[in-house]
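To keep things clear, I will list the structure first and then write my remarks on it.
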Amino acid sequence: MQIKVGKLKVFNSLTRQKEDFQPLTPPFVGMYVCGPTVYSNVHLGNVRTFLSFDVINRYLRYIGYKVRYVRNITDVGHLSDTGEDKISKKAKLDQLEPMEIVQMYSNDFHHVMSQFNTIPPDIEPSAIGHLMEQIEMTRKLIENGYAYESNGSVYFDVGKYNKAHKYGILSGRNIEDLMSDTRDLDGGADKRNSLDFALWKRADPDHIMRWKTEWSDGFPGWHLECSVMSTKYLGEAFDIHGGGMDLKFPHHECEIAQNVGTYGKSGANYWLHTNMLTVNGQKMSKSLGNSFLPHELISGNHELLDRGYSPMTIRFFILQSHYASTLDFSNVALEAARRGYVRLSNGMRLIEKMKWKEDEGKLDERQSEQINKFCENCYHAMNDDFNTALTIGHLFNMVKKINSLHTRQLKFGEIGQEAFNRMKDTFLGFSRDVLGLKVEADVNYQSLINTILGEYKDAKYNRDFKRVDKLRAELKAEGIVAKDMKDKIEWAFEE
RNA sequence: GGCACUGUGGCCGAGUGGCUAGGCAGAGGUCUGCAAAACCUUUUACAGCGGUUCGAAUCCGCUCAGUGCCUCCA
């Protein structure tokens, strides 16, 4: 019996429909995801997005695609509400070099993502590393008539662009409404229209990060970097562009406009957006002050949390919902996930070591068919716009079988060798390789060693030297030496 | 105001025209020196009202409740 792997469908934000996934040049897939602005620690909402795309990346590879996964680091150009560059602002505040800020929070970001067992992107370009390309694209946009210089800054002319193309296709916005709705916003004096956005900004005298161009000493606009870096590494047309829902407008909308304005192509064919994390029904965000930092959730060191949760528990919790749904954080939900994850990871631990062997069981077609169905369902679930929650449900069905085999309530013979091997491959493939879950050795070694040393001490006291020797040999095999002191037993790593 | 989205059993959370999601919690049972685990069985679900249909949690309309984006956010 052959498993049907089926066809992958993805929900495309651009068309608001589920579509068959057809890469431009199979087996290659180009995927660009908007990375973090490294002016502070990543919060859990960021983690959710990158975790979701990690699973998407993993699954595409699992079903045989050769993925080039590009995720940027924004280290310049992202403005805060005061119109200041976020990195510059933070650098001034902390009296550090902007690049120190960038390095510090990039390190934090990488550390956190590796704790959650995400695969690093294949290319992680930074905005500052692509200044020349950004300046070049700005020139091209001026050349093509979609941008204008004003007082040392360069703006994208949304009104003009909208006449030739359509601005707002991604977010479903009507530009006339937006235009008539204008009030004077920051920098409004330089812009022809409030919807116009900066490609290049003239820097104030006290602005630290600045570069020389024909327009002014300044810095690039935020939206530009993604257009530049995605097309540089994936081409003018590529497959997937991802990011958080809150980037849809204006960030991704502007990106499309820049790409069309420069190359006549909109960039990605499929736009995927992850939904927000909420706390008590409200969006988790830095500005609302209701966000946890990953290390706070892991340690439990936060007023809203009853206890800490391991990175894999958090990963599991996040994957139990679909990436396009909001997910609410609460102690009870986390606790339920913690227990559920223990169950799943016990299943992983068991089947990793389990081998099929002949026993008294007689082949039961219904059993093997059921198992085949579970395996097939994992593909169906992931093929349906990466439905990790449903996939996990199917994995739990397999956990039941694994546990039954383990306790001998189900015989190997009943399911047959073929179904067993398929279940083992599929279960581990999906839990470990696709969902990126792993068994966490959450064992306190110190207390384990103390327990053994207690046994050692008792055996010595009872003059059971055979047992003493055995325990000492076993510890030694693990690189630990027991040391008999006058008044106590100690241990050390073997030199 | 404009544009989207959501409302599922005690809780979380999939499903989107007929076929058991799953997890957590609860109840009963099997197993067991005790305990735990495991396995089996199980509990009032689809916000409300109307419509389409042989049949709707699933499609359509209205109402109610909530959320996001429209200004920086993953």
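Below, read A as the first sequence line, B as the second, and so on, with proteins coming before strands; counting in each chain starts at 1. A quick note: this is a predicted structure, and the numbers were derived from the prediction, not measured.
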When the distance from [atom1] of [X] to [atom2] of [N] is rounded to whole Å, what number comes out?
X	N	atom1	atom2	value
A:F109	B:A74	CZ	P	10 Å
A:F316	B:G13	CZ	C1'	11 Å
A:L247	B:U71	CG	P	15 Å
A:L405	B:A38	CG	P	15 Å
A:Y309	B:C24	OH	P	15 Å
A:H251	B:C69	NE2	C1'	15 Å
A:F197	B:C72	CZ	P	12 Å
A:L14	B:A4	CG	P	15 Å

### Summary
Nearest-nucleotide check on RNA chain B, A:T391 vs A:Q282; residue mapping nearer the 5' end is A:T391
Go ahead and name the base partner of [N]; Watson-Crick or wobble counts if both distances stay under 3.5 Å, otherwise write none.
N	result
B:A14	none
B:U32	none
B:A21	none
B:G55	none
B:C3	B:G68
B:G9	none
B:C46	none

So [X], base contact, sugar-phosphate only, or nothing? Heavy-atom distance under 4.0 Å.
X	value
A:G45	base
A:N397	sugar-phosphate
A:R48	nothing
A:D85	nothing
A:D328	sugar-phosphate
A:S52	nothing
A:M276	base
A:L390	base
A:S321	sugar-phosphate

Please give the distance between the [atom1] atoms of [N] and [M] as a whole number of Å.
N	M	atom1	result
B:G1	B:C59	P	26 Å
B:A25	B:U42	C1'	14 Å
B:A37	B:G23	P	15 Å
B:C49	B:U30	P	43 Å
B:C46	B:A38	C1'	32 Å
B:U43	B:G29	C1'	15 Å
B:C19	B:A56	C1'	15 Å
B:G28	B:A36	P	14 Å

### Message
Can you tell me if A:R338 has over 12 outside heavy atoms packed within less than 6.0 Å of its CZ?
### Response
yes
Would you say the ring centroid of [X] lies under 6.0 angstrom from that of [Y]?
X	Y	result
A:F238	A:Y233	no
A:Y39	A:H78	no
A:Y32	A:H241	yes
A:F317	A:Y341	no

Check this one for me: any side-chain N or O of [X] less than 4.0 Å away from OP1 or OP2 of [N]?
X	N	result
A:N387	B:A14	no
A:N46	B:A74	yes
A:S325	B:A14	yes
A:K283	B:C69	yes
A:R343	B:G23	yes
A:R339	B:G23	no

Considering only [options], which nucleotide approaches the side chain of [X] most closely?
X	options	answer
A:L277	B:A74, B:C72, B:G22	B:A74
A:H322	B:G23, B:A14, B:G13	B:A14
A:N403	B:U16, B:A38, B:A74	B:A38
A:H43	B:A74, B:G22, B:C70	B:A74

For [X] and [Y], does a side-chain donor sit closer than 3.5 Å to a side-chain acceptor?
X	Y	answer
A:S321	A:R48	yes
A:T278	A:D328	yes
A:S345	A:E440	no

### Polar pair under 3.5 Å, donor/acceptor by atom type, side chain A:T49, base B:A74
yes
### Message
Using the rule side chain to side chain donor-acceptor pair (under 3.5 Å), only one of A:E253, A:K248, A:H252 pairs with A:S171; which is it?
### Response
A:E253
